[in-house]
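The structure appears below as structure tokens.
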Amino acid sequence: MNELDLWDLQQQFEKGGILLCFNGPLSQSIIEELGSALRQYVGESAAGEGKVYDVFSVYIEQSQNIQNYAARKRAECAERTVIPYNSAILVIGRYDDQHYLVASGNMVDLSDVDPLTKRIDELNLLNHQQLKELYSMQRKRPRAAGSATAGLGLIDMARKSSRPMQYRIRKTGSETAYFCLTAII
Amino acid sequence: MQLIERAATASTPFIRMDPSNGWIELRGESYPANSYEFYGPVLDWMKEYIESGNPVSVFFAIAYANTSSVKVIFDMLDLLEEAFNRGQNVHVAWSYDFRNTRLAEVIAEFQDEVSFQFTVHNVPGS
């Protein structure tokens with residue numbers, strides 16, 4: 001392995017406007033600590049309180065979606081725990097003068113990719129009012145038995161995004177893929 | 001019924017539920033890893049207390065709620081709405097920094113769902 005050149009990495013972050021980046025297994029305390037740094041950085045940039053709230057919540061929904069997915073996978077298929085579902089990359093950066101970027105990447109089963117991307121495509125087509133109505137409908141639905149999620153995370157991200165959410169999928173094996181999601185807030 | 005008091009953590013609020021006067025307080029952040037697990041006992045307590053028919057007041061000072069916490073809060077409001085419709089005295093108040101326009105929208109969506117008294121209070125810096 002080549003010697004790790006942190007200068008290169010630093011330059012890449014600098015060019016990309018990246019404020020924070022984490023790569024590794026997620027835990028609640030890591031999510032809390034990164035979230036606290038995010039609030040500080042975004043808060044200092046003279047963005048309004050509402051903007052800080054939006055960036056923070058998209059970050060929380062992305063990271064908790066990954067945690068919930070990992071928990072579901074652990075429960076479903078204990079024998080396949082070799083796949084690091086709980087390992088993720090989380091990135092928060094400045095997109096331009098007015099906007100922030102919140103992105104995440106994690107390992108998923110190939111069979112889960114289509115339903116997920118279909119859902120995102122559908123949400124991307126809805127306007128603000130339609131998303132609000134969908135959110136309200138979804139929150140009234142009884143939660144699926146044993147599920148830790150309300151099914152509201154992606155809708156909430158779409159509501160807070162100022163442009164369509166983007167995803168990228170890279171196949172990593174016969175049954176797995178690396179899924180990256182980017183929201184601009 | 002027992003008085004319940006839980007200290008706040010970085011991602012969960014301070015909670016106090018007093019059966020002697022029907023006061024429920026939730027103050028702080030709300031993004032636990034599993035909101036249903038965390039709030040399960042709170043909802044159970046509320047259901048049991050509401051059965052007494054006594055007045056109930058809920059004071060929220062939640063600065064941030066993730067979507068699964070939002071869902072739980074809607075569930076709480078549904079319980080309170082049912083109690084109100086049965087003639088019970090219900091009051092909800094929410095304190096927050098009015099500069100947080102996004103939180104204002106979230107709270108307005110809560111208010112839209114209920115017909116009992118639901119007041120908001122400006123606490124700058126909260």
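Letters A, B, ... mirror the listed sequences (proteins, then strands); counts begin at 1. All heavy atoms count here, side chains included; hydrogens, waters and symmetry mates do not.
- Looking at every heavy atom in both residues, A/Y53 comes nearest to B/A65 through OH-N, 3.6 Å.
- For a residue to count as touching a neighbouring chain, one of its non-hydrogen atoms must lie under 4.5 Å from one of that chain's; by this rule A/E32 touches chain B with backbone and side chain alike.
- Between B/T101 and A/E49 there is no side-chain heavy-atom pair separated by less than 4.5 Å.
- Residue A/R163 qualifies as enclosed at atom CZ: its count of foreign heavy atoms under 6.0 Å is above 12.
- Listed here is the closest heavy atom pair of B/Y31 and A/Q28: O-NE2, 3.2 Å.
- In terms of non-hydrogen atom pairs under 4.5 Å with chain B, the most contact-rich of A/E33, A/K140, A/Q67, A/K51 is A/K140.
- Only the side chain of B/E109 has a heavy atom closer than 4.5 Å to any heavy atom of chain A.
- Distance CZ/A/F56 to CG/B/N66: 9.0 Å, rounded to 0.5 Å.
- B/F60 and B/V120 fall within the same hydrophobic cluster, where Ile, Leu, Val, Met, Phe, Trp and Tyr residues are linked whenever their side-chain heavy atoms come under 4.5 Å apart, directly or through other members.
- Using a 4.5 Å cut-off between side-chain heavy atoms of Ile, Leu, Val, Met, Phe, Trp and Tyr, with links allowed through other members, A/I66 and A/L116 fall into the same hydrophobic cluster.
- B/A63 touches chain A through its backbone: at least one of N, CA, C or O sits under 4.5 Å from a heavy atom, while the side chain does not.
- Under the 4.5 Å side-chain heavy-atom criterion for ILVMFWY residues, a single connected hydrophobic cluster contains both B/I4 and B/M1.
- Note on A/R139 versus B/E113: salt bridge recorded, some NZ/NE/NH1/NH2 to OD/OE distance being below 4.0 Å.
- Residue A/S136 touches chain B through its side chain alone, counting heavy-atom pairs closer than 4.5 Å.
- Expressed to the nearest 0.5 Å, how far OG1 of B/T67 lies from CD of A/Q138 amounts to 10.0 Å.
- In summary, A/R39 and B/E29 engage in a salt bridge, as defined by a charged side-chain N under 4.0 Å from a carboxylate O.
- Using a 4.5 Å cut-off between heavy atoms, B/D97 makes no contact with chain A at all.
- We find the CG-OG distance between A/N68 and B/S68 to be 7.0 Å, quoted to the nearest 0.5 Å.
- Only the side chain of B/V70 comes within contact range of chain A, judged by heavy atoms closer than 4.5 Å.
- More than 12 non-hydrogen atoms from other residues, nucleotides or ligands lie less than 6.0 angstrom from CH2 of B/W45.
- With hydrophobic clusters built from ILVMFWY side chains whose heavy atoms lie under 4.5 angstrom apart, B/M76 shares a cluster with B/V114.
- Under a hydrophobic clustering in which Ile, Leu, Val, Met, Phe, Trp and Tyr are joined whenever their side-chain heavy atoms come within less than 4.5 Å, directly or via other members, B/I50 and B/W23 fall into different clusters.
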